[in-house]
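Proteins get letters first, then strands, A, B, ... in listed order; numbering begins at 1 in each.
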Amino acid sequence: MTAPADPDPLAALRASVLAAAEGLDGAGGGRATLERPPKPELGDYSTNAAMLLAPALAAPSREVAERLRDALRGSLGSSAERIDVAGPGFVNVFLSDRWHREATASLLAAGDRLGTGRPERPLRVLVEFVSANPTGPVTVAAGRGAAYGDSVARLLELAGHEVEREYYLNDAGTQVRLFAESIAARMRGDEPPEGGYAGEYVAELAGELAARGASGDDLDDLGRRGTEAMRERIEATLERFGVRFDSWFSERRLYAAKLIDAAIAELRERGHVFETEGAIWLRTTEFGDDKDRVLIRADGEPTYFAADIAYHRDKIERRAERLVTPLGADHHGYIPRMRAALAALGVDPDRYEAPIMQLVNIVEGGQRARMSKREGDFVTLDELIDDIGVDAARFFMVQRSHDTAFDLDLDLARSASQDNPVYYVQYAHARLASILRKAGAGGAGGGGDEAAFAVSAADESSLAAAAEPAERALLRRLLELPGEVRTAAERRAPHRLIAYAMATAADFHAFYRDCRVVGAERDTEAARLGLCVATKRTVATTLGLIGVGSPERM
RNA sequence: GCGCCCGUAGCUCAGUGGAUAGAGCGCCCGCCUCCGGAGCGGGAGGCCGCAGGUUCGAAUCCUGCCGGGCGCGCCA
């Protein structure tokens with residue numbers, strides 16, 4: 001019974017462990033983990049299942065572990081070389097040469113679909129991100145949201161979900177009016193109004209718009225032209241950053257299509273709307289919010305919240321099953337009311353997810369750059385890219401959990417550009433490319449022959465077993481990719497990929513040190529070249545998820 | 001005052017119940033007749049904020065406290 005090229009050998013191994021645990025008739029085995037022991041001498045993989053089962057079986061965990069070990073000996077057969085019980089009841093598995101050979105073959109058979117997931121139930125996910133007001137350039141803070149949101153979108157796609165990237169354009173309302181007034185003031189040669197936009201770009205924009213015949217008297221027109229000009233700039237910046245949207249959803253469209261009225265009508269119909277003090281309110285306290293919220297102000301204008309309800313209702317009507325909406329930390333107080341609004345519409349609020357983006361401080365010369373858009377005193381994403389490049393910018397911004405505020409030290413990012421972590425990973429990729437070129441597997445004219453080579457190497461019978469510890473360590477690392485992608489996608493945690501990429505690069509460098517590839521004995525060379533091909537694809541895939549390039553040469 | 005987030009090595013941060021807590025940077029010591037030294041190996045450096053609790057086992061879960069960030073508008 002050969003099951004060659006199992007698409008995910010680790011998943012298969014985990015399934016065997018779970019099946020064996022279930023066979024012991026205890027409850028609670030479902031939470032069992034399959035992980036790597038802290039020391040390689042302890043085994044290739046380890047499970048804690050016995051300790052979880054012990055209470056239900058009313059038996060000492062060591063004893064349960066021994067029974068589990070016996071069951072696994074039967075089910076794993078020749079895949080396992082040895083199975084131990086250790087410590088309080090860990091079951092440690094040492095896998096055989098055969099298993100390693102099959103695992104290598106499976107990596108190569110996966111081709112460029114490496115890491116691709118197939119969830120039990122693929123979801124339609126709408127990732128709305130950046131959504132910065134079109135009243136100024138993209139700031140670094142918004143850039144972090146862009147890097148994060150785009151990586152989450154890429155992750156969800158690779159994990160097998162259907163993803164739409166959307167930018168919500170606040171091209172209506174108070175801020176746009178202020179923006180228009182600021183432009184008009186500059187056209188007259190005046191200072192912008194109190195609370196207006198003081199940035200130099202406003203003056204430049206005023207000049208451009210005047211040259212194109214815009215009038216300083218028509219604020220609606222100025223607002224429209226001004227926000228459209230900024231939108232184009234924003235789009236260009238994000239494009240440069242490697243971020244592209246499937247759709248730009250205009251707030252103005254909500255008004256034009258009477259979607260706000262429709263949303264409020266539905267809320268009223270469902271009995272959650274009331275009027276007092278001349279305003280129209282939504283009773284969000286009924287759904288866990290700590291105070292009720294205004295939908296229509298006493299002056300008759302809908303609030304931002306009302307527009308946002310209409311927008312999210314529209315997302316639901318477009319059949320989005322999950323609404324992933326990274327928000328700046330200063331908006332986190334907004335989440336309970338949005339959840340309440342969705343609940344009031346009869347929508348499960350858990351479909352709405354708002355990961356909170358904590359601050360990123362740009363530090364230069366030991367000082368924090370200020371980033372107030374209205375005061376025009378900020379670092380733009382374009383400036384950051386000019387400074388440290390797209391790859392470093394995306395790598396650094398995704399490196400840390402979205403939930404953690406961190407300092408991005410420009411001096412460090414610049415001066416470290418030789419020893420930058422991003423180059424560490426990219427260097428591994430370039431080195432791999434070089435080895436494959438040397439071996440003739442990369443082909444002189446490009447990577448075309450690499451795939452053909454991989455296919456021929458995917459026949460496990462031609463491969464030597466990975467015998468060296470460094471080979472096995474690298475192989476096991478590569479096998480983790482599907483699980484890493486799944487976990488990172490589920491947790492909306494692309495920063496895990498950085499850690500994985502670094503670990504993969506480190507394992508590769510150790511392998512490179514210990515294992516001669518080109519010129520090794522025939523089966524060994526084939527196996528090692530196969531490992532190189534798979535490693536190169538793994539690194540490229542992982543970096544690709546972060547939007548970082550994988551150079552063939554550096 | 002209330003709510004959310006954070007507190008882990010000198011610095012920036014990983015680690016959402018497992019074995020002796022990790023990475024990068026910085027510091028110290030080694031390694032290029034050999035597939036790329038943008039690399040590798042070794043070392044120093046930790047009351048995982050504090051105090052209780054839960055359990056076979058806690059950086060991880062619960063409670064309280066201390067410290068920091070961000071919110072608490074008929075602004076967006």
Send over the distance from [X] [atom1] to [N] [atom2], rounded to a whole Å.
X	N	atom1	atom2	result
A:Leu359	B:rC5	CG	C1'	11 Å
A:Gln426	B:rA38	CD	C1'	10 Å
A:Phe406	B:rG24	CZ	C1'	13 Å
A:Asp299	B:rG73	CG	C1'	14 Å
A:Leu295	B:rG73	CG	C1'	15 Å
A:Leu282	B:rC74	CG	C1'	14 Å
A:Tyr423	B:rA23	OH	P	24 Å
A:Arg496	B:rU16	CZ	P	6 Å

Looking at B:rG73, B:rA76, B:rG36, which one has an atom nearest to any side-chain atom of A:Arg337?
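Shortest atom-to-atom distance from the side chain points to B:rA76.
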Side chain of A:Lys39, heavy atoms from C-beta onward: which of B:rU12, B:rU20, B:rG18 has the nearest atom to it?
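Taking heavy atoms from C-beta onward, the closest nucleotide is B:rU20.
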Mind telling me whether B:rC29 is syn or anti, cutoff 90° either side of 0?
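What B:rC29 shows is an anti base, its glycosidic angle lying more than 90° from 0.
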Under 4.0 Å, counting only non-hydrogen atoms across every strand here, what does [X] touch: a base, just sugar-phosphate, or nothing?
X	answer
A:Ala54	nothing
A:Met502	sugar-phosphate
A:Glu277	base
A:Ala405	sugar-phosphate
A:His509	sugar-phosphate

Same-atom distance ([atom1]) from [N] to [M], integer angstrom:
N	M	atom1	value
B:rA76	B:rG49	P	40 Å
B:rU8	B:rA59	C1'	7 Å
B:rA9	B:rG26	C1'	12 Å
B:rC27	B:rG45	C1'	10 Å
B:rG1	B:rA44	P	45 Å
B:rG15	B:rG46	C1'	15 Å

Centroid-centroid distance, A:His272 to A:Phe287, less than 6.0 Å
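For A:His272 and A:Phe287, the ring centres are under 6.0 Å apart.
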Centroid separation under 6.0 Å, is that true for the rings of A:Tyr311 and A:Phe249?
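That pair passes the under 6.0 Å test.
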Write down the atom of A:Leu474, the atom of A:Leu531, and the distance for their closest heavy-atom approach.
CD2-CG, 3.9 Å
Would you name the heavy atoms of A:Ala307 and A:Leu254 that are closest together and state the gap between them?
O-CD1, 3.2 Å
In B/S/- notation, 5' to 3', how is nucleotides 26-35 of chain B contacted by protein heavy atoms closer than 4.0 Å?
--------SB
Do A:Arg144 side-chain atoms and A:Leu359 backbone N/O form a donor-acceptor pair below 3.5 Å?
yes
Confirm from the modelled atom types if [X] and [N] form a donor-acceptor pair under 3.5 Å, side chain to base only.
X	N	result
A:Asn48	B:rG18	yes
A:His495	B:rA14	no
A:His331	B:rG71	no
A:Asn92	B:rA19	yes

Checking [Y] against [X]: is there a side-chain donor and acceptor pair closer than 3.5 Å?
X	Y	value
A:Tyr334	A:Asp308	yes
A:Asn92	A:Asp84	no
A:Thr325	A:Tyr352	no
A:Arg492	A:His402	no

Carboxylate-amine/guanidinium proximity below 4.0 Å for A:Lys315 and A:Glu128:
yes
Here the residues of residues 395-404 of chain A within 4.0 Å heavy-atom distance, strictly under, of RNA chain B are A:Arg400, A:Ser401, A:Asp403, A:Thr404
Name the stems with RNA chain B in them: runs of three or more consecutive Watson-Crick or G-U pairs, distances under 3.5 Å?
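B:1-7 with B:66-72, B:10-13 with B:22-25, B:27-31 with B:39-43, B:49-53 with B:61-65 - these are the stems of 3 or more pairs that involve RNA chain B.
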Does the side-chain ring of A:Tyr424 lie flat on the base of B:rA38, meaning centres under 5.5 Å and planes less than 30 degrees apart?
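Here the ring of A:Tyr424 and the base of B:rA38 are not stacked, as the 5.5 Å and 30° limits are not both satisfied.
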Go nucleotide by nucleotide along RNA chain B from the 5' end; which of A:Pro55 and A:Trp281 gets its closest nucleotide reached first?
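This one resolves to A:Pro55.
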Quick one: on RNA chain B, does A:Gly173 or A:Ala329 contact a more 5' nucleotide (nearest heavy atom)?
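Its nearest nucleotide being more 5', the pick is A:Ala329.
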OP1, OP2 of B:rG73 versus side-chain N and O of A:Lys291: anything below 4.0 Å?
yes
May I ask you to evaluate whether A:Arg297 reaches the phosphate of B:rC75, defined as a side-chain N or O under 4.0 Å from OP1 or OP2?
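Answer yes for this pair, as a side-chain N or O of A:Arg297 is under 4.0 Å from OP1 or OP2.
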State the OG1-CZ distance between A:Thr524 and A:Arg516, to the nearest 0.5 angstrom.
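It is 13.0 Å, given to the nearest 0.5 Å.
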Quiz item: cation-pi between A:Arg231 and A:Trp248, 6.0 Å / 45°
yes
